[in-house]
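To keep things clear, I will list the structure first and then write my remarks on it.
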Amino acid sequence: MTKHNAPAINWSIWDLTATQTLYVHAGLVNLAAIPGPENTPALVHLRRAKYQDILATQETAVGGTATASFSAGAVERS
């Protein structure tokens with residue numbers, strides 16, 4: 001039996017190139033990018049560690065709220 005810690009985060013971003021740059025500077029690795037129109041990224045797959053993935057897609061910004069939870073070893077942060 002395999003154990004999965006948490007699902008990947010899937011975000012729709014209005015400026016995907018800036019978001020990708022931010023997370024790479026924060027220590028995540030850019031695993032893959034799928035090009036979209038005008039050769040700009042349409043989807044980016046970033047990873048920090050096993051089961052710590054972010055999938056970000058280019059979308060039009062809409063209003064709303066979001067909640068994120070982070071785990072650092074045995075310490076939970078929300």
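Quick note: residue numbers are just sequence positions, from 1.
- When all heavy atoms of Leu46 and Asn30 are compared, the pair lying nearest together is CD2-CA, 3.7 Å.
- Annotation: side chain of Leu55 is not in contact with side chain of Val44 (no heavy-atom distance under 4.5 Å).
- Legend: salt bridge (Lys or Arg N to Asp or Glu O under 4.0 Å) pairs involving residues 17-44, not counting sequence neighbours: none detected.
- Residues passing the side chain to side chain contact (heavy atoms under 4.5 Å, CB included) test with Ile34 are Leu43, sequence neighbours excluded.
- Residues Ile54 and Val24 share a hydrophobic cluster, clusters being chains of Ile/Leu/Val/Met/Phe/Trp/Tyr side chains in contact below 4.5 Å.
- Not counting sequence neighbours, the partners of Thr17 by the side chain to side chain contact (heavy atoms under 4.5 Å, CB included) test are Asp15, Pro41.
- Annotation: the span from His45 atom NE2 to Gln20 atom CD amounts to 12.5 Å, rounded to 0.5 Å.
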